[in-house]
There are 2 protein chains.
Amino acid sequence: MNTRDKIIETAIRLFNERGTRAVTTNHISAGAGISPGNLYYHFRNKEEIIRAIFRQMDVYGREEHRRIHERTTGTIETIEESFVMIQKFNWRFRFFKRELTSLVNADPALKEDFVRTHRETLVLVRSSIDRSIEHGLLLSLPEEDRQFLAEAIWLVTLFWPNYLEVSGEEVNEASLQRGSDLLRRILAPYVVQRPKRRSRPG
Amino acid sequence: MNTRDKIIETAIRLFNERGTRAVTTNHISAGAGISPGNLYYHFRNKEEIIRAIFRQMDVYGREEHRRIHERTTGTIETIEESFVMIQKFNWRFRFFKRELTSLVNADPALKEDFVRTHRETLVLVRSSIDRSIEHGLLLSLPEEDRQFLAEAIWLVTLFWPNYLEVSGEEVNEASLQRGSDLLRRILAPYVVQRPKRRSRPG
DNA sequence: CTACGATTAGAGTATATACTCTAATCGGGA
DNA sequence: TCCCGATTAGAGTATATACTCTAATCGTAG
């Protein structure tokens with residue numbers, strides 16, 4: 001692993017553990033086993049490290065989205081699966097979601113990048129809904145309702161881990177599953193296959 | 001206004017403007033027109049100021065909740081009204097919601113306080129749903145679904161301003177209204193008197 | 001090998017920031 | 001009036017932290 005990547009990996013780890021505030025560039029260089037000077041040879045400043053992490057997150061995220069899109073048939077089960085996949089992916093970058101609002105507020109460049117990705121994601125979710133409707137898996141909905149449904153899904157996906165943390169709940173397999181359940185219940189009324197039939201396997 | 005309150009007011013203003021990270025205790029004392037020594041006579045440290053702000057928020061919040069509870073008949077309209085009221089109240093303490101996860105993660109005492117309030121609020125929302133069902137305004141739902149509905153409502157209420165900010169949208173009357181709309185659409189399927197007859201099968 | 005650009009070390013620095021200390025002042029009761 | 005505790009001023013300090021500087025070393029093309 002080259003020095004640049006070592007810095008990024010260490011930063012992700014420390015940020016996840018202690019938050020961007022508490023972690024200094026000197027901590028990162030020490031953690032990566034390099035000198036502060038070396039760190040600053042690769043990054044102009046701390047903000048740039050965070051931006052680089054976001055860019056990596058973005059690249060992985062797009063891959064993830066593509067994978068989800070490919071295997072998604074539009075059934076409620078695949079939507080749930082996608083949620084779980086996204087949460088697992090987010091776990092690696094959990095500090096970012098945790099501090100999301102502060103981070104994007106503190107760095108206009110980062111905000112711009114995030115907003116772009118955010119909008120693209122919303123389009124993806126929306127198109128997934130459209131597809132499900134076309135395939136007769138979801139009830140036909142007017143344009144406006146589709147958009148709102150997409151936003152509801154994305155809001156829950158984006159903030160569920162934060163919700164857990166501020167609720168005093170541990171973020172683990174089980175509690176993430178609850179987020180997935182919540183999503184299912186939000187979607188349930190729109191699923192063509194009668195939603196009231198709650199005798200799933202289990 | 002006494003010195004202590006002056007400090008709190010100034011801190012709220014500056015935190016809202018620039019975030020807790022960028023605002024120093026010296027900024028606060030300067031902004032309040034007092035000396036740093038004086039500030040530290042009233043508060044042991046910065047964390048204590050934030051805790052004091054939360055306590056104030058909590059007191060106001062409880063009043064607000066009581067008022068909402070009194071006038072709420074359980075119709076979808078009053079639920080929307082409550083959302084808007086809560087958002088307006090939150091606006092005064094917007095830094096707190098913005099940095100919510102970081103703040104509670106950084107201060108265990110604050111976290112404990114917040115979690116308590118959070119749980120109480122969830123109970124309130126839940127009882128509001130129960131009441132609506134009893135009055136025949138919402139469809140009867142099994143226990144589990146009620147709880148999830150309460151959580152969905154509270155999650156959206158809690159994170160809607162954050163969602164707007166990270167979406168690159170301005171937080172204003174109109175965008176807050178969209179949050180209220182979202183909430184209505186989440187609830188719509190459970191409302192007994194169908195709000196709008198849509199062209200949907202069933 | 002040599003030259004040389006890329007990389008790295010690590011001591012060093014300017015500044016910021018949370019917080020302290022002591023003396024002064026205020027305000028109200030005796 | 002004087003006293004005395006509560007309050008306030010504000011210079012001062014220890015520490016942290018982001019970042020710099022220069023010299024050393026590495027890797028590789030010629």
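As the structure is a prediction and not an experimental result, all values here were calculated from the model.
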- Query: Using 30° and 60° as the class limits, which term best fits the ring planes of A:F114 and A:F54: parallel, tilted or perpendicular?
  - Reply: tilted
- Task: Grab the CD1-C1' distance between A:I28 and D:dT17 for me, whole Å please.
- Result: 12 Å
- Measure the distance from CG on A:N26 to C1' on C:dA14 and round it to the nearest whole Å. 14 Å
- Message: Whether B:S35 contacts D:dG10 is assessed here as follows: a side-chain N or O lying under 4.0 Å from the phosphate OP1 or OP2. Is that the case?
- Response: no
- Message: Measuring from the side chain of A:T24 (C-beta onward, heavy atoms only), which nucleotide among D:dT17, C:dA6, C:dC19 has the closest atom?
- Response: D:dT17
- Note on the structure: In whole angstroms, the gap separating P of D:dT7 from CD1 of B:I7 amounts to 12 Å
- Item | Between P of C:dC21 and CZ of B:R44, the distance in whole Å | 13 Å
- Item | Verdict with supporting geometry, A:L164 and A:E170, side chain to side chain contact (heavy atoms under 4.5 Å, CB included) | CA-CA 7 Å; A:L164 286 176; A:E170 215 189 309; over 6 Å; no
- Message: At 4.0 Å (heavy atoms only), tell me whether B:I34 reaches a base, stays on the sugar-phosphate, or touches nothing.
- Response: sugar-phosphate
- Message: Whether A:H42 contacts C:dT8 is assessed here as follows: a side-chain N or O lying under 4.0 Å from the phosphate OP1 or OP2. Is that the case?
- Response: yes
- B:E47 has an atom CD; how far is it from atom C1' of C:dT17, in whole Å? 15 Å
- Message: Output the rounded distance in Å from OH (A:Y40) to C1' (C:dA14).
- Response: 13 Å
- Can you tell me if A:T24 and A:H27 form a side-chain donor-acceptor pair at under 3.5 Å? yes
- Item | Whole angstrom value for the distance that separates P of D:dC19 from CD of A:E48 | 10 Å
- Query: For DNA chain D, whose closest nucleotide is more 5', that of A:K46 or that of B:P36?
  - Reply: B:P36
- Query: Looking at A:N38, does any N or O in its side chain come under 4.0 Å of the phosphate oxygens OP1/OP2 on C:dA9?
  - Reply: yes
- For A:Y41 and for A:R21, locate the closest nucleotide of DNA chain C by heavy-atom distance; then report the residue assigned to the nucleotide nearer the 5' terminus. A:Y41
- Task: Quickly, which of A:E165, A:R21, A:R18 forms a side-chain hydrogen bond (donor to acceptor under 3.5 Å, both in side chains) with B:N105? Name it, please.
- Result: A:E165
- Mind checking the OG-NE2 spacing from B:S132 to B:H135? Nearest 0.5 Å is all I need. 8.0 Å
- May I have the distance from A:D5 (atom CG) to C:dT7 (atom C1'), rounded to whole angstrom? 15 Å
